[in-house]
Structures are given as structure tokens and as C-alpha cells.
Amino acid sequence: MYKHLHFPEIREIAIRAALEQGDAEEAIRLAEDGEAQDQGLPGLVYRWKKYRYEAYHRTGQVEQQRKLGMELNVNGEYAYYRSVKDTFSDEGEWTLYLQDMLDQLEQSPRGEHTYTQILVEEEMYARLLEHVRKAPYRIESFYEQLLPHYPEEVKALFVAYIEIRADQSRDRRDYADVCRIIRMLQQVDGRKEVFTVTQKLLTKFPRRPAFREELGKIRF
């Protein structure tokens with residue numbers, strides 16, 4: 001088997017065997033060699049890193065686990081977030097680590113989903129609100145979490161999102177979707193805002209009869 005480690009399937013069998021036999025150091029060595037061998041193949045490199053993480057976890061190599069866990073999380077691997085958090089007993093130490101991880105995730109092209117999952121998990125609603133403000137379409141995904149804490153901001157973001165979608169709309173399907181979002185605004189106790197934005201759209205688009213017809217279906 002060791003003569004054919006250049007085949008990923010064989011290397012994976014060897015790593016698993018080392019882990020099953022309790023030889024975590026050998027598993028780490030095999031994983032690191034795989035990362036070096038396959039550095040031009042990101043998918044394989046991450047496979048070997050995940051095995052290395054597992055070996056660190058099994059052997060209690062906390063610092064290495066945290067460092068690699070940071071890298072995996074920042075690249076969108078949310079599954080490692082809880083495992084890393086469990087290595088911290090000091091709340092202040094965890095807070096510093098978490099802030100660093102979130103700052104990196106915020107800039108990561110692959111990290112948005114993990115970023116928002118962690119914000120919800122940690123109940124960091126102020127930071128989540130700022131994230132939604134940067135792209136109001138996100139309000140559809142997070143209004144339920146934000147509403148108890150920022151009801152007025154949620155309604156304002158729905159209005160902003162509705163106006164953006166209305167400007168982008170081109171056909172009846174788009175118009176119906178704008179009205180769907182307006183009804184979501186109604187559901188968050190935004191009846192006053194619904195009336196205002198609907199009247200604004202009717203004034204803004206006098207030559208779009210299909211849009212006006214869809215807007216006419218809104219009940220205040």
C-alpha cells in the first residue's frame with residue numbers, strides 16, 4: 001500500500017488505517033505529505049487537511065487543531081466551528097479567537113454561509129444586521145432572527161429591498177415577486193410601510209399596467 005500513496009484512494013486508506021490503529025502521528029505525516037504532493041489540486045488538499053484535523057482532535061493537539069480549524073472555517077467549513085469552540089474553556093480567549101475568525105470570514109469569498117451561521121449561533125445580531133444592510137436582499141433569509149431585536153430596521157430593509165427589486169423588474173413574473181416581498185413586509189407588522197411603498201411604486205411606474213395590476217392585489 002505504501003508503494004502506491006501517489007493514488008489518492010490508497011493514501012486515504014493508509015490514513016484511515018493509521019487513525020484506526022491509534023497512530024495519529026503517522027496519519028498526520030501521511031496527510032501532510034498528501035498536501036505537499038497534491039498542492040495543485042485544492043479538493044485533495046482539503047481532504048488531507050480534514051484528516052489532519054481529525055488526528056489533531058483525537059490526540060488533543062489543541063493549538064494545531066485551533067489553527068487548522070480556523071483555516072477550514074474561513075474556507076466555509078462550518079462543521080468545524082463547534083469542534084473548535086469546544087477546545088476553549090476561557091470565555092475571553094474564545095471571544096478573541098471568534099472575532100479573528102469572523103473578521104477573516106467576512107472577507108472570504110467562500111465563507112458567507114458559515115459567517116452568517118456563526119453569527120446566528122452566537123446571537124451576534126448587531127453584526128448580522130450590518131451584514132444584511134450591505135445587501136438588502138439578505139433580509140429574506142434573516143428577518144426572523146433580526147425582527148425581535150431590530151423591528152424598525154427590518155422594515156426599512158424590506159422597503160429598500162422592494163424598491164431595488166422593483167427597479168430591476170421587467171415582466172409580470174418579476175412584478176409578482178416584488179408583491180411577494182411586499183406581503184412579507186406585511187407579515188412583520190409593516191402595514192404602514194406597505195401602503196407607503198405601494199403608492200410610491202404606483203407613482204413611479206405609471207406605464208407598467210401589469211405591474212400596477214399586481215400591486216392592485218395588495219390588501220392593506
Side-chain angles (χ1 to χ4, degrees), residues 1-128 130-132 134-135 138 140-142 144-146:
M1 183 172 63
Y2 271 67
K3 293 179 181 179
H4 298 89
L5 290 175
H6 53 285
F7 292 111
E9 295 79 6
I10 302 299
R11 182 176 297 276
E12 188 166 21
I13 292 170
I15 293 173
R16 287 179 176 173
L19 289 170
E20 288 169 6
Q21 293 165 12
D23 193 350
E25 291 305 320
E26 177 64 1
I28 291 169
R29 186 190 70 79
L30 288 165
E32 288 177 335
D33 286 351
E35 292 169 44
Q37 172 188 286
D38 300 319
Q39 56 186 307
L41 301 168
L44 281 178
V45 169
Y46 269 92
R47 186 191 301 183
W48 310 139
K49 285 185 177 182
K50 289 174 183 179
Y51 277 117
R52 183 155 58 91
Y53 180 90
E54 183 179 346
Y56 290 149
H57 177 63
R58 289 192 183 196
T59 54
Q61 297 184 56
V62 173
E63 290 306 316
Q64 294 91 331
Q65 183 185 345
R66 290 175 181 174
K67 182 178 179 181
L68 185 54
M70 174 80 77
E71 181 182 343
L72 292 168
N73 273 305
V74 167
N75 279 276
E77 297 285 350
Y78 173 77
Y80 295 90
Y81 151 74
R82 177 59 61 180
S83 175
V84 170
K85 184 176 181 178
D86 288 344
T87 68
F88 289 88
S89 56
D90 183 279
E91 189 65 29
E93 194 178 1
W94 163 245
T95 298
L96 291 174
Y97 181 96
L98 177 62
Q99 290 295 336
D100 185 18
M101 183 165 61
L102 290 173
D103 289 345
Q104 291 188 50
L105 271 168
E106 197 171 12
Q107 304 302 320
S108 171
R110 299 177 61 186
E112 180 176 1
H113 185 60
T114 295
Y115 179 66
T116 54
Q117 281 186 290
I118 292 174
L119 292 180
V120 171
E121 178 79 13
E122 296 290 335
E123 299 182 349
M124 300 176 75
Y125 299 118
R127 189 158 182 164
L128 181 61
E130 289 307 310
H131 181 69
V132 174
K134 293 174 182 176
R138 294 169 177 154
E140 281 200 70
S141 299
F142 299 108
E144 291 180 322
Q145 292 88 351
L146 292 172

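Reckoned from all heavy atoms, side chains included, excluding hydrogens, waters and symmetry mates.
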| field | Full working for side-chain contact (heavy atoms from CB on, under 4.5 Å) between Lys85 and Glu122 | value | CA-CA 11 Å; Lys85 184 176 181 178; Glu122 296 290 335; 2.9 Å; yes
| said: Arg47 vs Leu44, test: side-chain contact (heavy atoms from CB on, under 4.5 Å). Steps then yes/no. | reply: CA-CA 5 Å; Arg47 186 191 301 183; Leu44 281 178; 3.7 Å; yes
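- Put simply, the side chain of Arg66 reaches to within 4.5 Å of the side chain of Glu93, judged on heavy atoms.
- Atom CG of Asp100 is separated from atom OG1 of Thr95 by 12.5 Å, given to the nearest 0.5 angstrom.
- Taking the side chain as every heavy atom from C-beta outward, Met124 and Leu102 approach each other to under 4.5 Å.
- Going from atom OG1 of Thr87 over to atom CD of Gln61 covers 13.0 Å, rounded to the nearest 0.5 Å.
- One finds the CD1 atom of Ile118 at 10.5 Å from the NE2 atom of His113 (value rounded to the nearest 0.5 Å).
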| task | Report the C-alpha separation of Arg29 and Glu26 in whole Å, then their side-chain angles, then the decisive distance to 0.1 Å, and conclude whether the salt bridge (Lys or Arg N to Asp or Glu O under 4.0 Å) test is met. | result | CA-CA 5 Å; Arg29 186 190 70 79; Glu26 177 64 1; 2.8 Å; yes
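- Checked by atom type and distance alone, the side chain of Arg58 pairs as donor or acceptor with a backbone atom of Leu19 at under 3.5 Å.
- Considering every non-hydrogen atom in both Leu68 and Tyr53, the closest pair reads CD2-N, 3.5 Å.
- Side-chain atoms of Ser108 never come within 3.5 Å of backbone atoms of Gln104 as a donor-acceptor pair (strictly under, hydrogens ignored).
- The two residues Glu77 and Lys50 have their closest heavy-atom pair at OE2-NZ, 3.2 Å.
- No side-chain heavy atom of Met70 sits less than 4.5 Å from a side-chain heavy atom of Val84.
- Put simply, the side chain of Gln117 does not reach to within 4.5 Å of the side chain of Tyr81, judged on heavy atoms.
- Rounded to the nearest 0.5 Å, atoms CZ (Phe142) and CG (Leu128) are 5.5 Å apart.
- The shortest non-hydrogen separation linking Ile13 to Met1 is CG2-SD, 3.6 Å.
- A salt bridge links Arg138 and Glu112; the closest N-O separation between the charged side-chain nitrogens and carboxylate oxygens is under 4.0 Å.
- With respect to the salt-bridge test (charged N to carboxylate O, under 4.0 angstrom), the residues Lys67 and Glu71 do not qualify.
- Residue Asn75 holds its CG atom at 3.0 Å from OH of Tyr46, rounded to the nearest 0.5 Å.
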| Run the side-chain contact (heavy atoms from CB on, under 4.5 Å) check on Ile28 and Gln64 step by step: do they pass? | CA-CA 11 Å; Ile28 291 169; Gln64 294 91 331; over 6 Å; no
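- The shortest heavy-atom contact between Ser83 and Gln65 is OG-NE2, 3.4 Å.
- Taking every heavy atom of both residues into account, His4 and Ile10 meet most closely at O-CB, 3.3 Å.
- Note that CG of Leu30 and CD of Gln37 are 11.0 Å apart. Values are rounded to the nearest 0.5 Å.
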| task | Decide side chain to side chain donor-acceptor pair (under 3.5 Å) for Arg52 and Tyr56; before the verdict, give the C-alpha distance in whole Å, the side-chain angles of both, and the deciding distance to 0.1 Å. | result | CA-CA 6 Å; Arg52 183 155 58 91; Tyr56 290 149; 3.1 Å; yes
| query | When you look at Glu121 and Tyr78, which way does the side-chain contact (heavy atoms from CB on, under 4.5 Å) test go after all the steps? | reply | CA-CA 11 Å; Glu121 178 79 13; Tyr78 173 77; 3.8 Å; yes
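- In this structure the side chain of Leu5 never reaches within 4.5 angstrom of the side chain of Asp33, judged on heavy atoms.
- For the pair Arg127 and Tyr115, the cation-pi criterion (under 6.0 Å, within 45° of the ring axis) is not fulfilled.
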| field | side chain to side chain donor-acceptor pair (under 3.5 Å) evaluation trace for Gln107 with Asp103 | value | CA-CA 7 Å; Gln107 304 302 320; Asp103 289 345; over 6 Å; no
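- A salt bridge is absent between Lys134 and Glu130; no separation between the charged side-chain nitrogens and carboxylate oxygens falls under 4.0 Å.
- Relative orientation of the Tyr97 and Phe88 rings is tilted, given thresholds of 30° and 60° on the angle between their planes.
- Minimum interatomic distance between Ala27 and Ala18 (heavy atoms only, all atoms of both residues): N-CB, 3.8 Å.
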